[in-house]
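FYI, the numbering just counts along the sequence from 1.
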Amino acid sequence: MDFNVIYKTSRSATIEIINNDIYNTDLYNVYVDDVLYKESVNTNVFSIYNLEPNTQYELKLIKGFESVTRKLITSYEYVTLNVKKFGAKGDGQSLDTQYIQACILACPDNGRVYFPKGNYYTGPLFLKSNITIEFDKDATLIGDIDRNNYPVLPGVTYTSDETDEYNLGSWEGNPLDCFASIITGINVENVNIIGPGVINGNADNSDWWVDVRTRRIAWRPRGLFLNNCKNICVQGLTFTNTPSWNLHPYFSENLRFIDLKLINPKNSPNTDGCDPESCKNVDIIGVYFSVGDDCIAIKSGKIYMGRKHKKPSEGFNIRNCSMNFGHGAIVLGSEMSGGIKDIRVSQCLFNETDRGLRIKTRRGRGKDAVIDGIVFENIKMTDVLTPLVINMFYFCDPDGHTEYVYSKEKLPVDDRTPYLGKFVFRDIECTNVNVAAGTFYGLPEQPIESIEVNNVSFAYSNNPKPGVPAMMDGLDPMSGKGLIFNYVNKVNIKNVRFDGLKEKDIECFEVKKFIK
């Protein structure tokens, strides 16, 4: 048994067990300076709170007859400001926005804003740089249900010399007006948002989930929105009942989302878990997802933003996470006109999602819409209808059902044509497969470059449910299918097992090189 301290602040630390277990592990006890902190922990990632700043601690983990010790020195902290001393009531009824915001703005560099026990009814709160915000385990932010109390972030404001644009708001890959989120960061850096508290968007008691395709004043807020931010860590919190996406980092870098819970009802619309857009160096570690849409959806804007900024999402580590019930466990696209590259997913559970890996793109995303360097390894999927899906005919947007998008004819490669590169799937176990093990649809004019499937098993449901594995025109429902490859330059299959498959295991159409 071994572990690393993967993150620390002035008041907290997160450990990660070093093993090959998937999300959960054998029970262990956690000691801080030889005092029992928590017993019978069963997750690979675990956080410790209520530490003192600039102090050395000895962390010890004991599992059976094994024990491992690590020393930790917490970070420096200048001062703590308590939001209740600024006037916040925390009674769940009084509007506390201005008092909390005053506390945040008054906090100096290396200071801490502290939320003690209470229910803080609030509108959007704006972050500032170089601070820590901590929520007590019994502290909850509750979102105001009146959209008229939410500031609007303009999508486009032209600069004074009319040569550029200042982009604040965003909605589904375009620079559009949106409401500020419960927690909003604009051009801030070096911020920790920590603690075992709760951010409750309160959407279940409002009209945020009603008539969601109609813009009313502006588009819906998120639980957390980070626009052009750097060095941000969100640790330990639970986000729930968010008006739309739980976490939306946007044109930001060096981000860590650690040991979180992102929970929304299954039927809540567009309540994705974490949707990083045009972001660099992102760690998503030890996060539990149970949401109404995709668990993680990595994006980089529609064609306007992709062409203008050419800013891919890149350098992601997604590890020791549990994805439950969403449409897709890990989704790339479909708004990815700036590209996506170097994504590694490991030691994750996918449970009852429609799809495991889901890649969505289409003609019209553009030549910068390059997805490459994608590795999925050591994954366990249970009751996932179709574990692996790559779809270059995704029928989104107003023109999604046009002949240009759905045509299976070989069209010219031009500035609108996306590209999919190398994908590796290894050491994956899938049980209760229903629709198909995997479907891969490249474009006739731009085939998927390379797909490797190595040491992967697919066990089928006794009575597989029919369904459409990919959202594309001209695809009929299917059930109990194997791996289907369409327009791929190279397919490499090694040690792939099918249990209970009644159809053909592997079907190839227009595959240039097949290795088995």
message: I want to check a possible cation-pi pair here: Arg222 against Phe225, using under 6.0 Å from ring centre and within 45° of the ring axis as the test.
response: yes
Q: State yes or no: are the ring centers of Phe239 and Trp245 separated by less than 6.0 Å?
A: no
More than 12 heavy atoms of other groups within 6.0 Å of Lys128 NZ: yes
To the nearest 0.5 Å, atom NZ of Lys117 lies from atom OG1 of Thr140 at 11.0 Å
Heavy atoms of Ile194 and Ser12 approach each other most closely as CD1-OG, 3.6 Å
All heavy atoms of Thr271 vs all of Asp293, minimum pair found to be N-CB, 4.0 Å
### Query
Under the 3.5 angstrom rule, does the side chain of Thr240 hit a backbone N or O of Asn264 as a donor-acceptor pair?
no
Do Tyr23 and Asn44 have a side chain donor and acceptor closer than 3.5 Å? no
Donor-acceptor under 3.5 Å (Ser94 side chain, Lys89 main chain)
no
When Arg220, Arg215, Lys299, Arg213 are each screened for salt bridge (charged side-chain N to carboxylate O under 4.0 Å, His left out) with Glu172, the one that passes is Arg213
Enclosure of Lys310 NZ (heavy-atom neighbours >12, cutoff 6.0 Å):
yes
Any carboxylate oxygen within less than 4.0 angstrom of a Lys/Arg side-chain nitrogen, looking at Arg11 and Glu52? yes
- Query: Going by an N to O cut-off under 4.0 Å, is there a salt bridge joining Glu134 and Arg112?
  - Reply: yes
query: Does atom NZ of Lys63 have more than 12 heavy-atom neighbours, drawn from other residues, nucleotides or ligands, at distances under 6.0 Å?
result: yes
Between Gly185 and Val188 the two heavy atoms that sit nearest each other are CA-CG2, 4.1 Å
Heavy atoms from other residues, nucleotides or ligands near NZ of Lys380 exceed 12 (cutoff 6.0 Å)
no
Should the pair Glu58-Arg70 be classified as a salt bridge under the 4.0 Å nitrogen-to-oxygen rule?
-> no
Side chains of Thr361 and Ser334: any donor to acceptor distance under 3.5 Å? no
Legend entry - Distance flag, aromatic centroids of Tyr99 and Phe86, threshold under 6.0 Å: no
Partner of Ile330 under side-chain contact (heavy atoms from CB on, under 4.5 Å), picked from Arg358, Met323, Arg355, is Met323
Applied to residues 28-41, the side chain to side chain donor-acceptor pair (under 3.5 Å) test, sequence neighbours excluded, yields Asp34-Lys60
Does a donor on one side chain sit under 3.5 Å from an acceptor on the other, for Gln235 and Thr14?
yes
**Report entry** Between Glu77 and Thr80: side-chain donor-acceptor atoms closer than 3.5 Å
**Finding:** yes
**Quiz item: cation-pi between Lys266 and Phe325, 6.0 Å / 45°** = yes
Fill in: Main-chain N/O of Leu168 paired to Asn227 side chain as donor or acceptor, under 3.5 Å
yes
- Give a yes or no answer on whether the side chain of Asp272 reaches the backbone of Asp275 with a donor-acceptor pair at less than 3.5 Å. no
Inset, instruction - Let me see the working for Arg319 and Glu16 under salt bridge (charged side-chain N to carboxylate O under 4.0 Å, His left out), right down to the final yes or no. - result: CA-CA 10 Å; Arg319 190 169 67 244; Glu16 183 178 30; 2.8 Å; yes
Between Asp177 and Gly155, is there a donor-acceptor pair closer than 3.5 Å when you use the side chain of the first and the backbone of the second? yes
Margin query: Does atom OH (Tyr76) have a neighbourhood of more than 12 heavy atoms from anything else shown, all under 6.0 Å?
Written below: yes
- With distance as the sole criterion, is a donor-acceptor pair present between the side chains of Ser290 and Asn324 under 3.5 Å? no
message: Looking at Glu162, I want to see if its CD is surrounded by more than 12 non-hydrogen atoms of other residues, nucleotides or ligands under 6.0 Å.
response: no
Whether Lys84 and Asp96 form a salt bridge (side-chain N of Lys/Arg under 4.0 Å from carboxylate O of Asp/Glu) is what I want to check.
no
Checklist line | Steps toward side chain to side chain contact (heavy atoms under 4.5 Å, CB included) verdict (Asp26, Asn42) | finding: CA-CA 6 Å; Asp26 295 333; Asn42 70 342; over 6 Å; no
In terms of heavy-atom contacts, Ile104 and Phe126 come closest through CG2-O, 3.5 Å
Asp294 and Val291 have their tightest heavy-atom pair at O-CG2, 3.7 Å
